[in-house]
Amino acid sequence: MNSAAVRGARPGALLRTLATGRVRPPAEQLQTPTEGTAAEQAQAPASGAEGPAEGTRAAFPAPADAAGGRDAAERCEVCGEPVAPEHRHLLDLRARVLRCACRACAVLFGHQAAGGATYRLVPDRRLLLTGFTLDDPTWASLRIPVQTAFVFRDSAAGRAALFYPSPAGAVESPLDEPLWAGLVRDNPALEGLADDVEALLVNRTGDEHEHWIVPVDDCYALVGLLRTHWKGFAGGPEVWAELSEYFAALRRRSTSVPAARRPS
């Protein structure tokens with residue numbers, strides 16, 4: 001998969017590359033999970049940092065046909081029609097997987113009542129939240145080993161879920177409900193976060209402290225980028241260049257709004 005595909009708006013094929021089991025991230029400690037319950041156990045933390053607690057679960061799995069081969073042209077996973085290289089996704093609420101959607105199905109399920117308890121359309125808005133309140137002690141209290149993370153409200157679990165990207169997939173880390181409630185209180189724009197399909201994306205790499213509301217599939221594109229380009233123990237220069245370009249592209253595509261503004 002080339003870099004352009006990784007940085008694309010909605011690379012449907014990329015979602016099929018994601019390892020979403022619980023893993024320990026850096027590369028020297030990566031292990032291939034075995035089948036069955038052993039593959040679902042939390043792995044040990046890396047580099048002295050605390051990893052995900054036992055009992056946490058992975059983020060949304062790759063689409064249901066991930067194990068099988070794909071035709072050259074991707075197809076809508078609702079009606080079977082071909083889809084464009086850049087297309088929308090639906091969250092299958094029962095299976096908890098992301099599914100590719102053609103334009104017609106995206107329009108259909110864009111009406112909130114249309115999907116019922118089965119499908120929810122992943123939005124396509126990207127908001128750069130200016131003046132976001134998240135201080136260093138609060139960030140450190142999350143105890144994650146990287147400087148990028150995303151949070152979405154999991155309607156099935158009835159809580160907010162925190163994940164961070166690693167070279168082998170998206171890893172869940174515990175998130176205290178009072179901490180999340182405080183973030184929402186201090187940054188009212190988060191009140192408009194759509195359950196399951198939108199995420200708060202935090203980037204604190206280098207000198208950047210940036211916060212976005214993004215479609216959840218953007219977060220998995222970021223995870224896929226790490227998986228595709230990570231080399232060796234520290235990742236290598238290629239992955240950091242790709243991450244820099246990913247966030248530069250996200251800035252270009254985002255609308256800036258104050259984090260203090262409540263949704264209308």
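Note that these values count all heavy atoms, side chains included, but never hydrogens, waters or copies made by symmetry. We number each residue from 1, following the sequence as shown.
Taking the charged nitrogens against the carboxylate oxygens, Glu191 and Arg153 have no contact shorter than 4.0 Å, which rules out a salt bridge. Salt-bridge formation is not detected for the pair Arg88/Asp217: no Lys NZ or Arg NE/NH1/NH2 atom is positioned less than 4.0 Å from an Asp or Glu carboxylate oxygen. A salt bridge links Glu172 with Arg159: the distance from a Lys NZ or Arg NE/NH1/NH2 to an Asp or Glu carboxylate oxygen falls below 4.0 Å.
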Exercise. Could you walk me through whether Arg96 and Asp196 pass the side-chain contact (heavy atoms from CB on, under 4.5 Å) test, one step at a time?
Key: CA-CA 9 Å; Arg96 307 299 289 180; Asp196 303 308; 3.0 Å; yes
Practice problem: Carefully, step by step, assess Asp136 and Arg204 under the rule side-chain contact (heavy atoms from CB on, under 4.5 Å). | Solution: CA-CA 10 Å; Asp136 291 342; Arg204 293 170 68 96; 2.4 Å; yes
Exercise. For Trp180 and Leu200, run side-chain contact (heavy atoms from CB on, under 4.5 Å): C-alpha distance rounded to whole Å, both residues' side-chain angles, the deciding distance at 0.1 Å, then the answer.
Key: CA-CA 11 Å; Trp180 174 248; Leu200 166 67; 3.9 Å; yes
Exercise. Show your working on side-chain contact (heavy atoms from CB on, under 4.5 Å) between Leu129 and Leu190 and close with a plain yes or no.
Key: CA-CA 9 Å; Leu129 304 178; Leu190 294 178; 4.1 Å; yes
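Between the side chain of Thr130 and the main chain of Val257, a donor-acceptor pair closer than 3.5 Å is present. Counting only distance, with no hydrogens or angles, the side chain of Asn187 and the backbone of Ala189 share no donor-acceptor pair below 3.5 Å. A donor-acceptor pair is defined here as one N or O able to donate and one able to accept, closer than 3.5 Å; no such pair exists between the side chain of Arg262 and the backbone of Ala260. Between the side chain of Glu81 and the main chain of Cys76, no donor-acceptor pair closer than 3.5 Å is present.
Residues Pro215 and Val122 approach most closely at CB-CG1, 3.6 Å, considering heavy atoms. A pairwise comparison of heavy atoms in Val171 and Ser166 identifies CG2-OG, 3.8 Å as the closest pair. Between Thr138 and Leu134, the shortest heavy-atom contact is CG2-CD1, 3.6 Å. Considering every non-hydrogen atom in both Val146 and Trp139, the closest pair reads O-CZ2, 3.7 Å. The two residues Glu74 and Cys100 have their closest heavy-atom pair at OE2-SG, 3.8 Å. Here the closest non-hydrogen pair linking Ala101 and Leu90 is CB-CG, 3.8 Å.
Within the 4.5 Å cutoff, side-chain heavy atoms of Leu142 are placed close to those of Leu162. Residues Phe109 and Val78 are in side-chain contact: their nearest non-hydrogen atoms beyond the backbone lie under 4.5 Å apart. Counting heavy atoms from C-beta on, the side chains of Val151 and Val202 never come closer than 4.5 Å.
The aromatic rings of Trp212 and Phe247 sit parallel, their planes meeting at an angle under 30°, below the 60° perpendicular limit. Classification of the Phe150-Phe152 ring pair by plane angle, with boundaries at 30° and 60°, yields parallel.
If you take CZ on Arg252 and CZ on Arg126, they are separated by 12.5 Å, rounding to the nearest 0.5 Å. Taken from CD in Glu208 to OG in Ser244, the straight-line distance is 8.5 Å, to the nearest 0.5 Å. Summarising the geometry, atom CZ belonging to Phe163 is positioned 15.5 Å from atom OG1 belonging to Thr148; distances are rounded to the nearest 0.5 Å. Considering CG of Leu243 and CD of Glu238, their distance stands at 10.5 Å, rounded to 0.5 Å. Between the CZ atom in Arg99 and the SG atom in Cys105 there is a gap of 12.5 Å [rounded to 0.5 Å]. The CG atom of Leu250 sits 8.0 Å away from the CD atom of Glu210 when rounded to the nearest 0.5 Å.
No path of Ile, Leu, Val, Met, Phe, Trp and Tyr side chains, each step under 4.5 Å between heavy atoms, connects Val107 with Val83, placing them in separate hydrophobic clusters.
Among Asp92, Val97, Leu91, the one residue that satisfies the side-chain contact (heavy atoms from CB on, under 4.5 Å) test with Arg94 is Asp92.
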